[in-house]
Every structure is written in C-alpha cells, then in structure tokens.
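All figures in this text were calculated on a predicted structure; none of them were measured in a lab. Residues take their numbers from the sequence shown, with the count starting at 1.
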Amino acid sequence: MGKGSATTFSGAHVYTLNGTDPEGDPVTYGLTYEAGSRRYFSVDGNLGNVTLIEELDREKEDEIEVIVSISDGLSTVSEKVRILVTDANDESPEFVNTPYIVQVSENSPSGSSIFKIEAVDRDTGSGGSITYFLQNIHANKFTIDRHSGVLRIKTGVTLDYEKSRTHFVVVVAKDGGGKLRGDNKVFSATTTVTVNVEDVQDTPPMFIGTPYYGYVYEDTLAGSEVLTVVALDGDRGKPNSIHYCILNGSEGSFEISNTTGAISVIKSPNQLRKEVYELRVQASEVSPEGDVSAYAFATVTIRVVDLNNHPPTFYGESGPQNRFELTMYEHPPEGEILRGLKITVNDSDQGANAKFNLRLVGPGGIFRVVPQTVLNEAQVTIIVENSAAIDYEKLKVLTFKLLAIEVNTPEKFSSTADVAIRLLDTNDNVPKFSSDYYIARIPENSPGGSNVVAVTATDPDSGLWGEVKYSIYGTGADLFLIHPSTGIIYTQPWALLDAEVNSKYNFYVKAEDTDGKYSLAEVFITVLDVNDHSPEFNENIQEKTMIIGSPVRIEAIDQDAEEPNNIVDYSIMQADPANVFDIDQSTGEIKLKSYIRSLDIIHNITKNKDCIWSLVVQAKDRGSPSFSTTAVLKIDITEETLHKGPMAAFLMQTKDNPMKALGVLAGVMGIMVLITIMISTAMFWRNKRSNKIMPVRRIIKKRQTQQSRTVRMEWLKFKRPSNTAEKFVVEDDAKSLQNENSNNNVQAAPVPPAAPLPPPPPALAAGGNPAVWRVPTVSGSLTPKFINKQLKKRGHSSAHNALVSELKMKFEKRNATMGEPHI
C-alpha cells in the first residue's frame, strides 16, 4: 500500500491488508487518519480490503498519510503509511496572458520571430508537456516552434500592408496525453493571435482607372483638356504626393499638368498628323523632403475621330464589362464615394459624337452618378445620396442600371451596365417593443414568483446585435422582476400584493441590445381584489332602542376593494321568540313584524316584561368564498311618546346616551348666556349715546264703538284667558321707534311706573260674548304677567271703573298736548 491513482473512482478496491497472529488468533484491521486530515480510504476490519471513499486529485493533494493497525483483540500494532497519488491526464492546457495582439512592420524579414505564446498544463509527465502548432498551416504566412511557442514569419514569405493589413493566426496547444480512467486521453486548447501589419514606404504609386483613352475631335480647340490620369501612392498608411510627366509619344501635340495629371491638346485638330497617339506618362512619388522614391508608368491612348460610329462603352479593370459588383456596410455617410467600383465609360467618336449623359436607373434618391455629362471618356463615380435607404434589413442587395446615352446625335447610341451592391449588416436598429405600454391584471392572493405579463421587443439587426435583454425600473417596480431573455414580468418571491393597500402599479421596461441601444415601454399592473376581509360591525351595535312603528338600523363594513366582495347582506340568525323581527337584507334595517303595533301584543307573545330582547345578527359578504360576522344586538322596545316636537324626538334619540343629552343642554345654555351678554352690551352703548330721554309708551283708553276708526297706534288687548289667571298684553307702536329730533337715535326705555293689578273682567250675561278691551300704545311692549292669585269674585266693578277712568284721563291729556281729537 504505497501508491494510488488520481483516476481511481470512488468505491473501488485499491488494496488488501494481510496479517497473521503468531498464536493463530483471528486478527482485525483498522485504518485511521491524523486530526484534520481528509478521509479518502476505508478498510474492512475482517477481510482487510481497502476501499476508496473519495476521489483523488493529485493537483490538490499528491500525498496522503494513513495509520494502519492490526489487532488480535488483546494487542494492537499500528504503522504510519504514506500513500503517493500518481497523476492522470485530467487537465487541459491553458493559454496565459490572452488575448494576443501583435504589431509587425511589413518589412520584417522572413523567418523573424514576432511573438512568444505560452500555455501551461498542471498535469505531470507526458500529460503536462505541451506542444504547439497552427491551424491551416499551408494557408498561413506564419509558423510556430512546437516546443517554445515562438511565432515566426514563414521562410520565404513577406508581409504586405497593401494586400492584407491584419492576419488572424489560430494556435493550438496540445498536451502529451496520458491515462484517464483507463483510457489514453489527449487534451488541447486553441487561441487566436491577431497580427496587425504596419505600413512602410515600400510600394510604388499606381494609376487608377487604366487603361486611359482620350479623343480629340475636329472641333476641339487648342488648349482643351482631353482627359485626366490619376495615380496614388501604393502605401496608403502614409502616402506621398504624386508628380506627373509625359515621357514620349506626344510629338509636341499634348502636355500634362504636373500636379493634377490633366492632359491637354496644344495644337488644333487639323495640325495633328496621326490618327492615334500613344503617350507614355510617368507618375513619380515625392517624399516630404523632396526626394523621388518610386515611379509608375501608364500608356494613354488618344484618338483623333470625327464620325459617330461608336456607342458609349463601360470598362472595368480588365477591359469592357457590363456588370459591376461591390460589397459594403449599410448606411455609409452621405457624400461617400463607392471606391470599390472601378468603372470607366468611353465613346470612341470625336467631338459632339462622343458626348453622352450618364444616369442610374433603379431605386431613386439613393445614389447619384458623377459626371452626368461625359465627353469622350470619364471615370464613373457613384456617390451616396440617401444613407437611410441603404438598409440591410430592407434590402440585402441593391441593383441598378448604369445608362450611358448620347446627347446630340441622331443615332442616340446607348449602353448599359448592371451595378449590384451587396450590403453588410451593422447595429443600426434600436430594439422596439410590440406596444408602447402593457396592461396586466393579477389577483392579490397570487403567490410570490407569479407571472404577470410578457413584454416583447424585437431588433431586426442580425447576429448578436439582434439579441435583446430586458430590465425594469421605476418607483412601482419594487415588487416585480423580469426575465432578461424572455421578457416575462413576475412578482418578487417575497412580494405580498394587497388590493386594499395599493391596487395600481406602473413602471418602465427597458429593451437593450449588446451595444447599449435601448427603448422603453410603460407597464400598468392592476391588482385584482379577492375576498379576504370579513364584514365588521360598528362599535355602537350592542344596544338599540326601537319605537314601535320605526325601524332601527345596523351597519357592517367590508374592507375589500371591489364588488361583490364588499357588498354586505344582513340576516337574523337567532331570536327568542323567533317570529317578532324582520331585517332588510340590503340596508340592515330591523323592524317588528307588521302585526305588532303595540307593547300589549308583545306582552302577549312573551313573558319578558322589560321588552329588552337579544338578537344574533349576521353580516355576510357576497364574495367567493363568502365571509360572515355575527354580533349580539340588544333591542329595547318602547311605544311612541305622546309628546311631539323636536325636543321629544331628541330625548328619545338620546335615551340610550344620557351624556349626549347633557352635552347638548350645556351647549344651549352657553349660547343663551352669550346672547344675553351681547344684548346687554348693545343696550348699554345705545343708552350711553342717546341725547334725549323719551317716554316709552302712553296708554290711553279706547271707547267702545262699533265704528272702525283709523288710529296710528296698535292696541293693548285684554283677553280672557283659558284659565283663571288673566293676561295683560301691551303692544308697541311702531312710530314710537323714531324720536322727536328725527335723528334716529334709539332711546332707552324708562322703567314704567307700577300699575295696579287689573281687575277681573265683568261678569257676562249668559250666552253673551265677553267684552274685548283694546288699549293703543305709542311704542315698546309690555310683557304680559299672569295673575297667580285665584280671583274669588268676578263682579268687582269698582276696581274696573277706576282703571278705566285713569286710562281715560291719560289719553285726553295726551291728545290735548298733541292737538289730536278725542276718540
């Protein structure tokens, strides 16, 4: 027992302990570990079979110590054993310090080292040894040392910035293989090395739009431009300027601009001796220091023509061509030139016969062609005019017809060429929701994690750009979550919805693509009410007083938010006797049966003489499932009181609440005291401001007469009261409210002198009407006094005559003073 493999599976038999006792007694085996050590093995105490109970990993622990013991029951022998864990090839190589990006100059010599790649494998032995190689070795410009991982340029191969600016090299790291659970396994890993080529000045200039053809017509003027040649520095990273010159072939008939490359005829057409001129043009590359570093040559053919016998013709880089193709990204900037299209159009005629128009036939407004009018020959330039219409999601391929048609010739020769532009996708679209807002409903008893609504947003872009990720935010989003991929909105696992607390939630949902472009939609969630509240009676339901003929009303409130969960129905569950009360199911009004109209009927029904009965009433809502509440109601039945009016009604209403009656009484008394104080204060200030004291009233006697006379005063009436006491009533004259000075000052009424008690009215004959006494007054009023003394006799005419005489004298004195006639 000294070694264990890292690939041995748990439960495998790895070893058998053997031991004997010299005395021949049976032995048992034991296996223990030091404190804190992990237990990897177990042993059968009788057979000595050692079993692996936990898989081994050499990379974590390559050595295990156990204590093996053998015992015959009396004595025990122990020994520490060290178990070495052998390695298995269970680890893959891993590249370090990725990603790998290398900058290499294009003039680096072939065979030179450009980068060192390193991978590690934690296995030992052959499983930990790593070799390197490249994928697509034959199509690759690089090679790698299989042991060191050094990346080199292949022998005999050079890098060219103008041909390829970036190379992607796929490197494979493979271990040496080894056993894994009985099988021979080899693991590998791959990585990509990006090699960026840096430009150097190593490429000569090149002419664009070759071959060059020019035409001179019979009517061409000397000094006219025939055509323009264009050359560019082949080193696009750091281009130098180009200078042009004609080496030979012009025979003194043509010249070229050193800077623009424009070739002009310097003789008139009738002086030209040849029909065709072959000009050899040189383009020189001049460095910023003024040194000429490279050259390029081109042949320019100039034909002298005078007949319209050639239609316009399109040329590509390899000659006449009627179809041109280009691949480009969608939505290029407006005004950009499609440089990938190398199109030349030429008409071999001379003069007006070689003048033609160019135009694009196809979807309008997307591109425009330059020039639109051509004489002889021109480079065709197509320029972006509407970037929005160049959309990969709408059309992946744009096709046009390039039409060249002569202008001023009777033949109207023309030609066409097909232009096909294949578009590449870019991330130019924002995810868009299927709706600007989403409305959802969820019951309030939904458990946490319940789905609420699914939102959907689409991004027409292709690949990863079209993948949408969802998120939510806003003050109403605290109780909700959204699945980032599916857009399903669901409640938080701990969320408890309650329609009575909050039944409306709204928040925003965001759809975002991998580049961070996003759009928003609003979510409105309504929490639907469920019947989760029982009706509750008011606190004052315990006792009610019922007047026979008038109902009493009970009321219960259900806190649910919506109908029918909060609609309450009432019923009487128990009453003794049972056939006495009715209850309105909807309003809760309780009244006596229609045949019960008095307390006598109630006393005939029951022996309960105090007429206080207890009812068990129930309030039940209409939800599903339905909830109900019961309460005991004590009803005191009384008959309607004989006293009418508001005070009687108030006393009946407050019979069960005497403190309420005391409070109202105290309030009324307080108001009366306040009114008395205000009236006293007003009278005090009125008397204080008055400048003359006037008598309040003058009392005169009116003679008995059957004629009605007009008197400017009211009457003092003596009426016979219904009881033994008689009333003395004095009414004020309205005119006395004005003083003699006519200044409208209100004068305080002086205290009248004490008058004798009026005698009883004279005895009347049987069947006759009592005499009515009226005494006119000037102003004010005299509060009637009730005579409390019971008159013993009704015939004291002497007292009555004395009072009448006194009143008559006062009345005549007043008329004499005022100059009025006697009445």
Taken in chain and number order and not counting sequence neighbours, the residues that satisfy ring-ring contact (aromatic ring centres under 6.0 Å, His included) with Tyr490 are none

Task: CG (Leu496) with more than 12 external heavy atoms under 6.0 Å - done: no

*asked:* One pair to check against side-chain hydrogen bond (donor to acceptor under 3.5 Å, both in side chains): Asp160 and Thr158. What are the steps and the verdict?
replied: CA-CA 7 Å; Asp160 192 347; Thr158 58; over 6 Å; no

Do the rings of Tyr438 and Phe433 sit parallel, tilted or perpendicular, given the 30° and 60° boundaries? perpendicular

Check: Are more than 12 heavy atoms from other residues, nucleotides or ligands located less than 6.0 Å from atom CZ of Arg368?
Finding: no

Would one find more than 12 heavy atoms of other residues, nucleotides or ligands at under 6.0 Å from atom CZ of Phe297?
yes

When every non-hydrogen atom of Phe187 is compared with those of Glu91, the smallest separation belongs to CD1-O, 3.8 Å

**Prompt:** Got a salt bridge between Glu325 and Arg323, using NZ or NE/NH1/NH2 to carboxylate O under 4.0 Å?
**Reply:** yes

Check: Checking Arg303 against Tyr213: charged group under 6.0 Å from the ring centre and within 45 degrees of the axis?
Finding: no

request  = Would you sort out whether Lys469 and Ser485 count as a side-chain hydrogen bond (donor to acceptor under 3.5 Å, both in side chains), showing the intermediate values?
outcome  = CA-CA 6 Å; Lys469 182 179 179 182; Ser485 301; over 6 Å; no

Would Lys432 and Asp459 pass as an ion pair if we require N to O under 4.0 Å? no

Check: Is there a side-chain contact between Val169 and Leu134 (heavy atoms, below 4.5 Å)?
Finding: yes

